[in-house]
**Student:** 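One structure coming up, written as C-alpha cells, with questions to follow.
None of the values given here were measured: they were computed from a predicted structure. In each ligand, atom 1 is the first atom listed, and ligand 1 is the first ligand listed. Quick note: numbers below take in every heavy atom, side chains included, and nothing from hydrogens, waters or symmetry partners.
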Amino acid sequence: MKTKDDFATQRDQMSALRIQMVKEQIEVRGIHDQHLLNALRSVPRHRFVPPKYHLRAYEDTPLPIGLGQTISQPYMVAVMTDLLALTGNEKVLEIGTGCGYQAAVLSQLASTVETVEFIPTLAAQAAGLLTELGYDNVHVHTGDGAAGWPASAPYDGILVTAAAPAVPDTLLAQLAEGGRLVVPVGGKGVQSLQIWTHTKERFENKTLFQVSFVPLRGAAGWSDADWQSHPDVF
Ligand code: SAH
C-alpha cells in the first residue's frame, strides 16, 4: 500500500531530478531562456513514459514509449522548442505527438498547441494524460500530420518530431508570416535539423545540426522499405 506521504516523497524526488536535468543537460549546453527552463522544471516527464521507465525519465536519452515509438531526449525537446523563440502568444502546431511530452512543454510557452499523431492509440493516451495533468491549451488530433492542421492555420511555430524525406509543402503553407518551422530531414540513422522561416513572400532555410528521429509516416513520409534502404543525408 502507498500512503499520501509516499506520493509526496516521490513527487519531491522527481522534482529534484528535473531540476538536476535542467542544470546538467540543458543549461550547460547553452539554453538560457528562463521560461523554457521553468517549463522543463515543471512538466512531470516521468508521467509521459511507461511506469517501468519512471526512474529513468530524467536521463540524457530518448526512451521507448511502446508501438515502436520514443519520447525524445530532454535536450532535443529543449533545443527544438528554443528554436521557435516563443513569447507566450503564439499558435503552435506539432507533428508527432507520441506520448505528449513535447506538447506539454510547448503548452507552457505558447497560447495554443495543436498536435497531430498518426497512431490512434498513442493519440488517445496522450490526450487523456494531457487532460489529466491540466494542459488545457493542447488539442490532440489523430491523422497524417504532413497535412498539417488547416482548421487552426496559420501557425507561428511548427515542430515536426519525426524524420521527413523532405519538408512538406503543406506545412510551409500553414506558416504565418514571421513564423518558424523546425523539421528533421533525412533517412534512417541521422538527419539534418532544418529551420524554415516565413519572411515577406519567401521561405528561408538553414541547416543546423545532426539529429536522429523515428520516421515520418503517411503521404509525405517514409515507406518501410525506403526508410530501411535510404542512406544518411550527411
Ligand atoms: N513529440 C514526441 C516524440 C514523438 S516520436 C515527444 O514529445 O517525445 C514521433 C511520433 O511521430 C511517433 O509517435 C509517430 O507515431 C509520429 N508520427 C509519424 N509519422 C507521423 C505523421 N505522418 N503524422 C503524425 N504523426 C506521425
**Student:** When you measure from atom 9 (C) of ligand 1 to every protein heavy atom, which one gives the shortest distance, and what is it?
**Tutor:**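 For this ligand atom, the closest protein heavy atom is Thr161 O, 3.3 Å.
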**Student:** Among Glu117, Met80, Gln102, whose heavy atom sits nearest atom 7 (O) of ligand 1?
**Tutor:** Gln102
**Student:** Tell me which part of Pro215 gets within contact of ligand 1: side chain, backbone, both or neither, using heavy atoms under 4.0 Å.
**Tutor:**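 Looking at Pro215 and ligand 1, just backbone atoms fall under 4.0 Å.
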**Student:** Starting from atom 23 (N) of ligand 1, find the nearest protein heavy-atom neighbour and note its residue, name and distance.
**Tutor:** Gly145 N, 2.7 Å
**Student:** What residues form a side chain to side chain contact (heavy atoms under 4.5 Å, CB included) with Leu55, not counting sequence neighbours?
**Tutor:**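 Per chain and number, Leu55 pairs via side chain to side chain contact (heavy atoms under 4.5 Å, CB included) with Met14.
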**Student:** Parallel, tilted or perpendicular: which fits the ring planes of Trp149 and His141, with parallel below 30° and perpendicular above 60°?
**Tutor:** parallel
**Student:** So which heavy atom in the protein is nearest atom 26 (C) of ligand 1, and how far is it from that ligand atom?
**Tutor:**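 For this ligand atom, the closest protein heavy atom is Phe118 CB, 3.5 Å.
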**Student:** Going by the atom numbers of ligand 1, which of them fall below 4.0 Å from some non-hydrogen atom of Ile71?
**Tutor:**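 Near Ile71, the atoms of ligand 1 are 8 (O).
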**Student:** Give me the residue, atom name and distance of the protein heavy atom closest to atom 11 (O) of ligand 1.
**Tutor:**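 Checked against all protein heavy atoms, atom 11 (O) of ligand 1 sits closest to Gly96 CA, 3.2 Å.
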**Student:** Which atoms of ligand 1 have any heavy atom of Ile119 under 4.0 Å away?
**Tutor:** 15 (O)
**Student:** Among Leu172, Ile195, Thr197, Asn205, which one satisfies side-chain contact (heavy atoms from CB on, under 4.5 Å) with Leu181?
**Tutor:** Leu172
**Student:** Within the 4.0 Å heavy-atom shell around Thr97, which atoms of ligand 1 are there?
**Tutor:** 1 (N), 2 (C)
**Student:** Can you tell which part of Leu122 has a heavy atom less than 4.0 Å from ligand 1: side chain, backbone, both or neither?
**Tutor:** side chain
**Student:** Looking only at distances, can you tell me whether any N or O atom of Ala103, backbone or side chain, sits closer than 3.5 Å to an N or O atom of ligand 1?
**Tutor:**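 Looking only at distances, the answer is no, because the N/O contact criterion of under 3.5 Å is not met.
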**Student:** For atom 3 (C) of ligand 1, what's the nearest protein heavy-atom neighbour? Residue, atom name and distance, please.
**Tutor:** Thr70 O, 3.5 Å
**Student:** Once you restrict to heavy atoms under 4.0 Å, what part of Gln69 touches ligand 1? Side chain, backbone, both or neither.
**Tutor:** side chain
**Student:** I need the Leu175 CG to Ile158 CD1 distance, nearest 0.5 Å.
**Tutor:**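 Reported to 0.5 Å precision, the distance equals 5.0 Å.
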**Student:** What atoms of ligand 1 come within less than 4.0 Å of a heavy atom belonging to Tyr101?
**Tutor:**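 In order of number, 7 (O).
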**Student:** Which pair of non-hydrogen atoms, one from Val77 and one from Ser72, has the smallest distance, and what is that distance?
**Tutor:** CG2-CB, 3.8 Å
**Student:** Would you verify whether the NZ or CZ of Arg29 falls within 45 degrees of the ring axis of Tyr75 while also being under 6.0 Å from that six-membered ring's centre?
**Tutor:**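 Yes; both conditions hold, so Arg29 lies above the ring face of Tyr75.
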**Student:** Can you tell me which residue and heavy atom of the protein come closest to atom 8 (O) of ligand 1, and the distance to 0.1 Å?
**Tutor:**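 Here the nearest protein heavy atom works out to Ser72 N, 3.0 Å.
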**Student:** Any donor-acceptor pair under 3.5 Å linking the side chain of Asn38 with the backbone of His35?
**Tutor:** no
**Student:** Go through ligand 1 atom by atom and flag the ones less than 4.0 Å from a non-hydrogen atom of Val116.
**Tutor:**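 Reading through ligand 1 atom by atom, the close ones are 24 (C), 25 (N).
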**Student:** Give the atom numbers and elements of ligand 1 that come within less than 4.0 Å of a heavy atom of Gly98.
**Tutor:**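 Reading through ligand 1 atom by atom, the close ones are 13 (O).
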**Student:** Please check this pair: side chain of Trp222 against backbone of Lys188, looking for a donor-acceptor N/O pair closer than 3.5 Å.
**Tutor:** no
**Student:** Are any non-hydrogen side-chain atoms of Arg56 and Thr61 less than 4.5 angstrom apart?
**Tutor:** yes
**Student:** Taking only non-hydrogen atoms of Val77, do any sit less than 4.0 angstrom from ligand 1?
**Tutor:**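 The answer is no, since Val77 has no heavy atom less than 4.0 Å from ligand 1.
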**Student:** Between Glu177 and His198, do the side chains contain a donor N or O and an acceptor N or O under 3.5 Å apart?
**Tutor:** no
**Student:** Can you name the atoms of ligand 1, numbered from 1 with element, that are less than 4.0 Å from a heavy atom of Glu94?
**Tutor:**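 Those of ligand 1 that fall under 4.0 Å from Glu94 are 1 (N).
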**Student:** Using a 4.0 Å cutoff against the non-hydrogen atoms of Val214, which atoms of ligand 1 qualify?
**Tutor:**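 Near Val214, the atoms of ligand 1 are 5 (S), 9 (C).
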**Student:** Could you tell me whether ligand 1 has any atom less than 4.0 Å away from a heavy atom of Gly221?
**Tutor:**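 The answer is no, since Gly221 has no heavy atom less than 4.0 Å from ligand 1.
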**Student:** Students should be able to answer this: which protein heavy-atom is nearest to atom 19 (N) of ligand 1, and at what distance?
**Tutor:**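 Answer, as residue, atom name and distance: Arg217 N, 2.8 Å.
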**Student:** Within the structure, is a non-hydrogen atom of Gly143 found at a distance of less than 4.0 Å from ligand 1?
**Tutor:**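 Judged by the 4.0 Å heavy-atom criterion, Gly143 does count as contacting ligand 1.
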**Student:** When you compare the side chains of Arg18 and Tyr58, does any donor N or O come within less than 3.5 Å of an acceptor on the partner?
**Tutor:**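 Present: a donor and an acceptor within the cut-off.
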**Student:** What pair of heavy atoms forms the shortest contact from Ala104 to Val43, and how long is it?
**Tutor:**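 Scanning both residues completely, I find the closest heavy atoms to be CB-CG1, 3.8 Å.
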**Student:** For the residue pair Pro184 and Val211, what are the closest heavy atoms and their distance?
**Tutor:**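 That would be CB-CG2, 3.8 Å.
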**Student:** Would you name the heavy atoms of Ala123 and Val140 that are closest together and state the gap between them?
**Tutor:**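 Shortest heavy-atom separation between Ala123 and Val140 comes out as O-CG1, 3.6 Å.
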